[in-house]
Amino acid sequence: MKAASLKITTWNINSVRLRLPLVADFLKSQAPDVLCLQETKCRDAEFPMKDLHSLGYEHIAINGQKGYHGVAVISKRPLRFVEKRDFCEKGDARHICVEIDARSGPISLHNFYVPAGGDEPDVDINPKFQHKLDFLDEMRDWIVTEGVARGRVVLVGDLNVAPLEHDVWSHKALLKVVSHTPVEVEKLTAVLQAGAWIDAMRHFVPAEEKLYTWWSYRAADWEASNRGRRLDHILVSEALGGGLKRLDVLRDARSWTRPSDHVPVTIELSD
DNA sequence: ATGGTTGTAGCACAA
């Protein structure tokens, strides 16, 4: 008998090799069908394939590069590699698309790592911020021109923007902080509108409630200060919206030994 | 208001 649901997790792991023990613990305890990682920070040849295979995840698609960025899809179910797109044509490993079979039919799954954008939210002095804005514009155009959100589609990843007022610990304090500036929020909102995507996390948690997926390493006590942001997202196309069953933000993962600064976000969909 | 930490690579830079 097949499972009644399909569990998909997104997690910015901040080095998959360093945190392989955490990934293994997560897969054993939470057993998602599909785990999407960002910031794997290794070349494809260095990716810990065998360890993940032996944990029951035999189907893996990766787009890596040396030291920076890198995305991976790790699956219990068969997947078909579809493409890696080079947004902004810089040769960065920031996207991968696969197709996964659910009982109700195939699902296209896009895994993204959007540029963080540097410290200064000023395109005149900070080219990294310009890159981030260009990347978001290109995502929007691509979604429209290629009809990316038509059919059964899931888009996950570290989008590095916290769009709503309660996606950050203080809306006012973060208006000039990269990740929550009005121009970034406007561009991510345009990405959402371009595909008429459903924000799967906010489907379960009202907009008035605080919701975070990331807490800085720089806080003396991340849990006490709780200055989080919702940088990680799961978007589903309209065709899949009716099948949303459950959300889990694994806040505990931020207290694990040598943690990532991001925690795993899991969605359950009708199979 | 400022500065705080982490990873990779190799003592600088990105996040």
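Here is the naming used below: chain letters follow the sequence lines, and residue numbers restart at 1 for every chain. Excluded from the calculations below are hydrogen atoms, water molecules and symmetry mates; all remaining heavy atoms, backbone and side chain alike, are included.
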Checklist entry - For A:Arg229, which contact category applies under a 4.0 Å heavy-atom criterion: base, sugar-phosphate, or nothing? => result nothing

Item to check | side-chain N/O A:Lys66 vs B:dT8 OP1/OP2, d < 4.0 Å | outcome: no

Item to check | Side chain of A:Leu18 (C-beta onward), nearest among B:dG7, B:dA15, B:dA9 | outcome: B:dG7

Next on the checklist: Roughly how many Å apart are B:dA15 and B:dA9, using the P atom of each and rounding to a whole number?
Outcome noted: 15 Å

Item to check | Spacing between A:Leu22 atom CG and B:dT6 atom C1', to the nearest angstrom | outcome: 14 Å

Checklist entry - If two hydrophobic side chains count as joined below 4.5 Å and joins carry through other members, does A:Trp215 share a cluster with A:Leu174? => result yes

Next on the checklist: Please pick, from B:dG7, B:dG4, B:dA14, the nucleotide with the shortest atom-to-atom distance to any side-chain atom of A:Arg218.
Outcome noted: B:dG4

Checklist entry - Does a nitrogen or oxygen in the side chain of A:Arg19 sit under 4.0 Å from OP1 or OP2 of B:dT6? => result no

Next on the checklist: Base, sugar-phosphate or nothing for A:His69? Non-hydrogen atoms, less than 4.0 Å.
Outcome noted: sugar-phosphate

Next on the checklist: Closest approach to the side chain of A:Ala116, judged atom by atom: which nucleotide of B:dA15, B:dG7, B:dA9 is it?
Outcome noted: B:dA15

Checklist outcome for this item: Picking from B:dT6, B:dA15, B:dT8, the nucleotide nearest the side-chain atoms of A:Ser15 would be B:dT8

Checklist entry - Which heavy-atom pair separates A:Asp199 from A:Leu235 by the least distance, and what is that distance? => result CA-CD2, 4.1 Å

Next on the checklist: Determine whether a donor-acceptor pair (N or O, by modelled atom type, separation under 3.5 Å) exists between the side chain of A:Asn111 and the backbone of A:Val71.
Outcome noted: no

Next on the checklist: Could you tell me how far B:dG3 sits from B:dT8 if I compare only their P atoms? Round to whole Å.
Outcome noted: 27 Å

Checklist entry - Can A:Arg227 be said to sit on top of A:Trp169's aromatic six-ring, NZ or CZ under 6.0 Å from centre and within 45° of the ring axis? => result yes

Item to check | Minimum-distance nucleotide (side-chain atoms of A:Arg17 versus B:dG7, B:dA9, B:dA15) | outcome: B:dA9

